[in-house]
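Position 1 is the first residue of the sequence; numbering continues from there.
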Amino acid sequence: MEPTTLGVPQDRLRALQHGIGRVLAGTMDEEGFKPLRLSVGGHRQRGGAGYMLRIRVPGGRLSVNQWLAAADVAAAHAKTRRVHVTLRQDLQLYDLDLEGLGAAVASLRRGALTTYASGGNTLRNITCAALADLGPGLPFDPYPYAVALSARLSRTAYFGALPRKFKIGFSGTGTEAAQAWLNDLGFSARMKDGHRGFRAMAGGGLGASPQNALELFDFLPADELGPWAEAVLDYFREASPRDQPAANRFKHILRAQGVAKVRAEVERRRAGRPPDRAPSPSAPPTGACLWVEAPQGDLNPDQMKGLGAAVKAAGLDGMRLTFDQRIVVPGVDPDRSEGLLQAAREWGLSAFLGRREAPVVVCAGPDTCNRGLVHSRELARALGREGVALPVELHISGCQNGCSQHLISPVGLQGTVQGSSKGRIPAYVLRVGLPTTEMGLEFGPALATLPARRVPLVLRTLVDAWRGQTGGRGEFHLWLHEQGRPGVESILSTIPAGPAEEVRCDWGSDRPFEVALGGSECH
């Protein structure tokens with residue numbers, strides 16, 4: 001199935017451009033302009049240093065032409081030439097000025113890409129497991145259904161105007177299975193009596209109050225997906241306590257009302273809505289998958305163009321964004337893969353055939369995010385400089401919002417702040433996760449709270465202890481889970497105490513740490 005887009009409505013584009021003109025003329029302030037830019041994915045960066053523009057990629061799949069169009073727009077308008085792959089299968093461009101913001105939205109629209117409703121209180125990008133049609137265990141590819149649902153819901157009056165953000169995800173198998181359990185609505189493909197359908201979960205979420213989704217339906221017929229999701233959003237709008245924004249996430253409403261009541265309300269609202277048409281099936285690509293790693297999820301336009309040109313020259317036309325900030329190109333002939341691998345290396349990208357663990361997954365942190373507490377990206381760089389590598393994936397979040405999904409990763413670090421008599425200290429909570437099961441997620445328990453500057457030494461010490469006890473056999477994170485907090489604290493007690501002043505600065509800074517938060521726009 002050809003990748004698709006929802007398109008920024010023409011009236012929204014005109015409103016944005018008109019607003020930009022008014023801001024430049026001094027007749028509209030930033031607060032008045034904010035709703036116009038958020039409606040088309042424009043987010044103010046930390047400290048007012050330009051704008052971030054988020055591109056929705058429904059289902060996480062793009063054609064090569066869409067990939068190259070994004071690269072062209074980044075080259076023309078993103079002053080730092082940085083393109084970021086997010087864990088929700090979006091692309092983000094950074095450091096656009098006001099005129100560049102309007103020009104970029106228009107150019108992306110012409111390139112069959114959209115930024116519509118990619119932030120604020122909207123239905124966010126509908127995600128789909130990158131390998132859903134290639135991995136074992138799923139009876140059919142849910143991607144066409146994810147794209148069809150995006151298109152259907154984009155035509156509703158409330159698509160871009162909800163009480164709070166709302167997230168929908170379609171799962172795969174293995175490491176991708178978690179997505180159905182951590183979204184407001186999650187769907188996992190299954191068959192029943194020869195008919196296609198989905199197991200439907202609701203009320204999942206990470207952040208400060210993580211919650212496992214609850215099962216609403218064991219089997220939802222595939223043609224009921226659209227009308228059922230519309231009914232859920234309709235109920236969400238009605239049941240949300242508008243005067244209590246913090247309680248407006250669907251997970252809070254579901255648990256307050258109970259599964260039985262929500263199911264009954266959704267069924268009532270579903271009546272009379274037309275069923276879905278079956279989307280056109282597509283055969284899964286044959287061959288191997290090329291996996292491309294972008295350090296910390298970042299690429300520049302030249303790298304994107306070089307990779308896109310090589311994929312096109314190989315006769316391939318599919319790019320997929322993963323839940324761990326990587327790019328997958330399916331359908332590669334292993335016997336003719338050297339040209340692709342060489343092209344990626346020439347552009348400074350790590351590439352390989354077959355899946356490998358991503359070394360580090362990291363959120364934007366306070367480099368650009370208004371809610372970032374500690375410099376997660378600087379910590380990731382420090383780990384690289386010091387040669388600290390875990391034998392499993394490490395996810396680092398700069399605050400409790402958990403944009404790196406640290407709560408469900410094998411090993412996670414959650415940014416926080418420790419208080420002391422001499423000031424506040426940048427720190428991380430060390431967590432360990434367990435695999436997703438048919439019963440849902442198991443959020444990683446906290447094993448220790450570490451000063452940010454001590455994290456590389458702590459991780460190296462834990463890996464050395466694991467190797468010393470097991471000879472490097474078995475899963476590192478499962479060993480950590482067995483140790484628990486007492487075992488981890490016992491191991492860490494062997495580390496000599498360093499100078500007190502050493503921990504008062506965050507990575508990337510030589511000044512004493514200060515908390516500086518702004519208003520959230522994009523979580």
Side-chain angles (χ1 to χ4, degrees), residues 43 45-46 52 54 84-90 92 124 127 165 167 175 178-179 181-183 204-211 249 295-298 322-326 358-384 388 390 392-418 424-434 441-456 458-459 477 480 506-508 513 515-518 520-523:
H43 302 80
Q45 290 178 201
R46 191 182 185 105
M52 179 269 283
R54 179 179 293 148
H84 184 67
V85 179
T86 79
L87 276 79
R88 284 198 62 81
Q89 299 176 310
D90 300 303
Q92 293 180 171
R124 300 298 182 84
T127 63
K165 63 184 176 182
K167 297 178 179 180
T175 58
Q179 300 305 310
W181 295 97
L182 58 80
N183 283 281
L206 298 177
S209 57
Q211 295 186 25
R249 290 304 301 273
Q296 300 185 27
D298 288 350
T322 73
F323 296 131
D324 53 11
Q325 299 176 315
R326 291 186 284 184
V360 177
V361 176
V362 63
C363 72
D367 287 3
T368 54
C369 175
N370 286 318
R371 302 304 295 169
L373 281 172
V374 291
H375 280 85
S376 47
R377 292 168 63 82
E378 291 293 343
L379 172 58
R381 295 185 185 107
L383 292 172
V388 179
L390 300 187
V392 293
E393 271 191 12
L394 170 65
H395 290 221
I396 307 174
S397 293
C399 72
Q400 65 184 7
N401 283 325
C403 292
S404 79
Q405 300 182 358
H406 65 270
L407 283 166
I408 61 169
S409 64
V411 177
L413 292 170
Q414 170 193 322
T416 188
V417 176
Q418 287 181 302
R424 304 180 105 181
I425 296 172
Y428 289 88
V429 178
L430 173 66
R431 295 183 178 273
V432 59
L434 294 174
L441 306 172
E442 184 167 345
F443 297 118
L447 300 181
T449 300
L450 318 167
R453 287 279 186 162
R454 304 276 281 175
V455 168
V458 165
L459 294 181
H477 62 295
L480 269 182
D506 200 355
W507 289 103
F513 176 74
V515 177
L517 298 178
S520 176
E521 293 192 346
C522 61
H523 297 95

Could you tell me whether the side chains of [X] and [Y] share a donor-acceptor contact shorter than 3.5 Å?
| X | Y | result |
| --- | --- | --- |
| R424 | Q418 | no |
| H395 | E393 | yes |
| R124 | N183 | no |

On a heavy-atom basis, which atom in [X] and which in [Y] lie closest, and how many Å separate them?
| X | Y | value |
| --- | --- | --- |
| G398 | C363 | N-SG, 3.1 Å |
| R46 | C369 | NH1-O, 2.7 Å |
| V360 | A380 | CG1-CB, 4.0 Å |
| G415 | L373 | O-CD1, 4.0 Å |
| W507 | L379 | NE1-CD1, 3.6 Å |
| V388 | P456 | CG2-O, 3.9 Å |

Original post:
Where do I408 and F443 land on the side chain to side chain contact (heavy atoms under 4.5 Å, CB included) test, with the steps shown first?
Top reply: CA-CA 6 Å; I408 61 169; F443 297 118; 4.0 Å; yes

Are [X] and [Y] side-chain neighbours, meaning at least one heavy-atom pair lies under 4.5 Å?
| X | Y | value |
| --- | --- | --- |
| T416 | Y428 | no |
| V432 | P445 | yes |
| V85 | R326 | no |

Between [atom1] of [X] and [atom2] of [Y], what distance do you get to the nearest 0.5 Å?
| X | Y | atom1 | atom2 | result |
| --- | --- | --- | --- | --- |
| E378 | D506 | CD | CG | 8.0 Å |
| Q211 | R249 | CD | CZ | 10.0 Å |
| H375 | F513 | NE2 | CZ | 8.5 Å |
| Q296 | Q325 | CD | CD | 8.5 Å |
| S397 | R431 | OG | CZ | 10.5 Å |
| L413 | L394 | CG | CG | 5.0 Å |

Original post:
Is R88 salt-bridged to D90, cutoff N-O under 4.0 Å?
Top reply: no

Subject >> Ion pair check, R377 and D298, cut-off under 4.0 Å >> reply: yes

Original post:
Between Q92 and T86, is a side chain to side chain contact (heavy atoms under 4.5 Å, CB included) present by the stated rule, with each step listed?
Top reply: CA-CA 7 Å; Q92 293 180 171; T86 79; 3.5 Å; yes

Original post:
With I396, which of V361, V455, L383 fulfils side-chain contact (heavy atoms from CB on, under 4.5 Å)?
Top reply: L383

Subject >> side chain to side chain contact (heavy atoms under 4.5 Å, CB included) assessment of L390 paired with L459 >> reply: CA-CA 8 Å; L390 300 187; L459 294 181; 4.1 Å; yes

Subject >> Worked check of side chain to side chain contact (heavy atoms under 4.5 Å, CB included) between T449 and L430 >> reply: CA-CA 6 Å; T449 300; L430 173 66; over 6 Å; no

